[in-house]
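First up is the structure itself, then whatever we jot down about it.
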Amino acid sequence: MNNGKTFKLDGKTITFEDGDTIMDAVLRAGEYIPHLCHNPEFTPHGSCRVCIVGVNGRQVSACTAPAAENIEVDNTSEQIMNQRRALLQMLFVEGNHVCPGCEKSGACQLQAVAYYSNMLSPHFTHFFPRRSVDASHPDTAIDFNRCILCELCVRASRDFDHKNVFAIDGRGINSRLVVNSPSGKLGDSAFTATDKAAHVCPVGAILPKHRGYEQPIGDRLYDRQPISVVGDVAAHEQDEDESHGR
Amino acid sequence: MSIDEFISTVMSSADQRPDHLLQYLYEIQYQYSYIPQQAIRLLAARLSLTEAHIHGVIGFYSFLHTTPRGTYDILISDSITDHMLESRSLFELLCRKLGVTPGVPRNDGRVTVDTTSCTGMCDQGPAMLVNGWAVTRLNESRIASIAELIESQTAVEQWPREFFHVDDNIQRRDILLSDDSNNGDALKAFLKAGADAILEHIEKSGLRGRGGAGFRTGMKWRYCKQTEADQHYVVCNADEGEPGTFKDRILLNSYADRVFEGMTLCAGVIGASRGYLYLRGEYRYLRAPLEKALQKRRKAGLLGKDILGKDGFDFDIEIHMGAGAYICGEESSLIESLEGKRGIPRIRPPFPVTHGYLNKPTVVNNVETFIAAALIAIHGNEWFRSVGTEESSGTKLLSISGDCERPGIYEYPFGVSIQHILHDCGAHDCQAVQVAGAAGATVPPEEFGRLIAFEDVATGGSLMVFDQKRDLMDMVQNFAHFFVHESCGFCTPCRVGGALLKDLVDKVHAGDAGQYDLEEMKNIGMLMRSTSHCGLGTTAPNPVLDSLHKFPHIYETRLKHSNYEPAFDLDAALQEARDITGRDDAGAHIRTRS
């Protein structure tokens, strides 16, 4: 399997295969590079930029940059950590992320990556955008306030469910997630709670209905162990669903 | 004609292809002044696309709308050079005369007045578009006439022809603009010498991309040629959107045959049978003449099947329209747009030379590059190398605008100094020169000895002159707003960082900022520069970072003396409460900013 090619991640030797991105090889080796829009089940996207690493003095997104022999990947220098934190802060101020009032708190990847990256405040000026909540679907709600435009639901619905329920409309700072249905509401779309797209949201934007705070805050996924150990929330969604008899 | 019938006409001209979606939307927009919901439904059904996808495409392009615009849809160019020619007061004048709120159709649906990014008429501005047609040299009397024409419901086709007159304004010619070879000469040279010999000439000539990035053209062609595929494509990037650039306008207007000749030459070299010219929507008026030029070439045997009688040398060119998106000048965005999608830059590698249009090997070159390539095929690489510098051979077309006596097109051998250019165009008392547009470099007088060349000051051709009377902060602010408007929104640093940066620039401009804000601007700018997904995001902070570094006084003179100023104005935040209570006495105010 391994053809003996390696690179260094903060001094550690990582083996990789042809066609691997830096992220692929690092995750396979059991190491961690913070990420939000990346999910190994889908084609790399490279939009959140949280997985930036330094390679030969340049910053690249680890989820899209091809692994190459003998490169030295900087994942934890002060510069990289500072930049990553600033990107997270930007995501926080762009939307309306009220962690204490969010059902996803403690199992939210944005929150967990922020903790991991020592983000202590949003730092930048809040945009406080006016965004809506779509509760039209019987089983699933969308709170657009929390969407970080990672497009995982777009990709899951397109490439996995083959339903194309989601798309991105607008441009620039006005980009927004939209639902494909005559009314634009999720309830009128082909979406079902068993769709892959219902289980990939890294934040609390796409949430199951009729379940609230079943698991107490303080006892949730990232409350128990840091994200660098337990990984993506999407990878745990299935276990959680099974434990709820779904 | 019903919407259904109209869409059928639009579609019959080409295959019903999802990758032509943007072209269909473009036609529908200009027929109806918007894309009706019914059209979206029909297109979705016929092209097997979702309605949300089509909405996403419409929402990406500035010239497409889902609600009606006025019968007369007016967009006044918002480039800094238009501002310098008083475009904003003319904008306000037109709004006043017509009784419209900017961006909102008048109650009777007659007219909309709005702004748009640079329309490429900076040498004869202020400029505007009416239903996509360019109008130049606006002044108070022209604005008054336009208001009357609209009130009297005169069709745009009946407006005075001189309103639409666009001058080439060529001020200096060198080897490219003064060449007098005949149509077909480059193709004859190609047929005589063969693909390998021509490619070698292009490589040896040292020709580099004229869009500004300067990638070696010969290398690009060779990579593309070497990639095996059932189809290769040639794409001409005529999405000239960099503020202050208008050289492609002249080339497409007066040298179109050379452009097509260069594209056909490239097709012969790499083995392509299909080409596209991606024309920015602002140059709508050039489309018909370009179509005519293509038709003439087909008749002359210079395009189509068996070109110049050579068996199997088949190549044809189609014109695709852009619809108001600066990012589509980036080659992978341009390809996405050609495929009828939102113009989001692709992840690279792979590069377009191996995976381009429809995932096939594709050469994307600038308009000027294709012309240079055609001339190299005729005259050889030594001829080309005889001008310019070692690293930057040949000449460069510069679009000069702003504070100078003779704005227009100047062709110079690479290696010319900025000082020399300023002398030629009649610029006096210069404060700064903005080279390469909003994404470029702000050059102060002490650096006017620097040279236009890839190894010194690289440029796609935009050169804007600012004299001592100008407030450079106006320029910085204009560019910061431009980039927020034009960011595709894909990656965090450009989407959010750009908006934060703009707010800080506005804060400085308004005289409300402290020293802390300048540090913050540097940090955000550096983050955008190093972590953005594409060249737009990495270069968007240039004007801020450059001016902070080289023109610190334009900031310092505006700063409040405190170190930190809040982002919001407490008194302004109370306005809503004052409106509700009807109070405006001293007790309803908090004194914060003076």
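Only heavy atoms go into these numbers, but all of them, side chains included; no hydrogens, no water, no symmetry mates. A, B, ... follow the sequence lines: proteins, then strands. Residue 1 opens every chain. Quick caveat, the model's predicted, so the values are computed rather than measured.
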(Q) Please evaluate residues Val496(B) and Phe124(A) with respect to the criterion side-chain contact (heavy atoms from CB on, under 4.5 Å), reporting the C-alpha separation (whole Å), side-chain torsions for both, the decisive distance (0.1 Å), and the verdict. (A) CA-CA 10 Å; Val496(B) 188; Phe124(A) 298 113; over 6 Å; no
Q | Neighbour count above 12 (heavy atom, 6.0 Å) for Glu576(B) CD | A | no
Q. Taking atom CD of Gln575(B) as the centre, does the number of heavy atoms from other residues, nucleotides or ligands within less than 6.0 Å exceed 12?
A. yes
**Q.** Contact origin within Ser62(B) toward chain A - heavy atom pairs under 4.5 Å
**A.** both
Q) How long is the gap from CZ on Phe60(B) to OG on Ser175(A), to the nearest 0.5 Å? A) 8.0 Å
Q. Looking at Ala44(B), Gly497(B), Cys488(B), which one has more heavy-atom pairs under 4.5 Å with chain A than the rest?
A. Cys488(B)
Q) At their closest point, which heavy atom of Leu500(B) faces which heavy atom of Thr125(A), and how far apart are they? A) CD2-O, 3.9 Å
(Q) For His485(B), is there any backbone N or O sitting under 3.5 Å from a side-chain donor or acceptor partner on Arg171(A)? (A) yes
Q: Could you please state which residues from residues 35-48 of chain A sit under 4.5 angstrom from chain B, measuring non-hydrogen atom to non-hydrogen atom, sorted by number, or 'none'?
A: Pro44(A), His45(A), Gly46(A), Ser47(A), Cys48(A)
Q | Side chain / backbone / both / neither for Gln37(B) at chain A, heavy atoms under 4.5 Å | A | neither
Q | Ile347(B) side, atom CD1; Thr21(A) side, atom OG1 - distance, nearest 0.5 Å | A | 10.0 Å
**Q.** Which atoms of Arg348(B) approach chain A - backbone, side chain, both or neither, heavy atom under 4.5 Å
**A.** neither
(Q) Measuring from atom CG of Leu91(A) to atom OG1 of Thr492(B), what distance do you get when rounded to the nearest 0.5 angstrom? (A) 4.0 Å
Q) In terms of heavy-atom proximity below 4.5 Å to chain A, should His55(B) be classed as side chain, backbone, both, or neither? A) both
Q: Looking only at non-hydrogen atoms, find the nearest pair between Ser530(B) and Gln83(A) and report the distance.
A: OG-NE2, 3.0 Å
(Q) Using every non-hydrogen atom in the two residues, find where Gly56(B) and Asp169(A) come nearest and quote the distance to one decimal. (A) CA-OD1, 3.7 Å
Q. Closest approach of Ala167(A) and His53(B), non-hydrogen atoms and distance?
A. CB-N, 4.2 Å
Q | Top contributor to chain B interface from Val60(A), Leu149(A), Val178(A) [non-hydrogen pairs under 4.5 Å] | A | Leu149(A)
Q. If every non-hydrogen atom of Ala86(A) is compared with every non-hydrogen atom of Leu527(B), which pair is closest and at what distance?
A. CB-CD2, 3.8 Å
Q | Stepwise side-chain contact (heavy atoms from CB on, under 4.5 Å) test for Asn180(A) and Glu51(B) | A | CA-CA 6 Å; Asn180(A) 183 54; Glu51(B) 290 182 25; 3.8 Å; yes
**Q.** Region of Val179(A) that comes under 4.5 Å of a non-hydrogen atom in chain B
**A.** backbone
Q | Heavy-atom proximity to chain B below 4.5 Å, by part of Ile168(A) | A | both
Q | Which portion of Pro182(A) sits near chain B, non-hydrogen atoms under 4.5 angstrom | A | neither
Q) In terms of heavy-atom proximity below 4.5 Å to chain B, should Phe127(A) be classed as side chain, backbone, both, or neither? A) side chain
Q.
Go through it in stages, so that I can follow the logic: the residues are Arg495(B) and Met90(A), the test is side-chain contact (heavy atoms from CB on, under 4.5 Å), and I'd like the CA-CA distance, side-chain angles, deciding distance and then a yes or no.
A. CA-CA 9 Å; Arg495(B) 183 183 70 241; Met90(A) 286 183 179; over 6 Å; no
Q. What is the distance from atom OG of Ser48(B) to atom CG of Asn164(A), rounded to the nearest 0.5 Å?
A. 11.0 Å
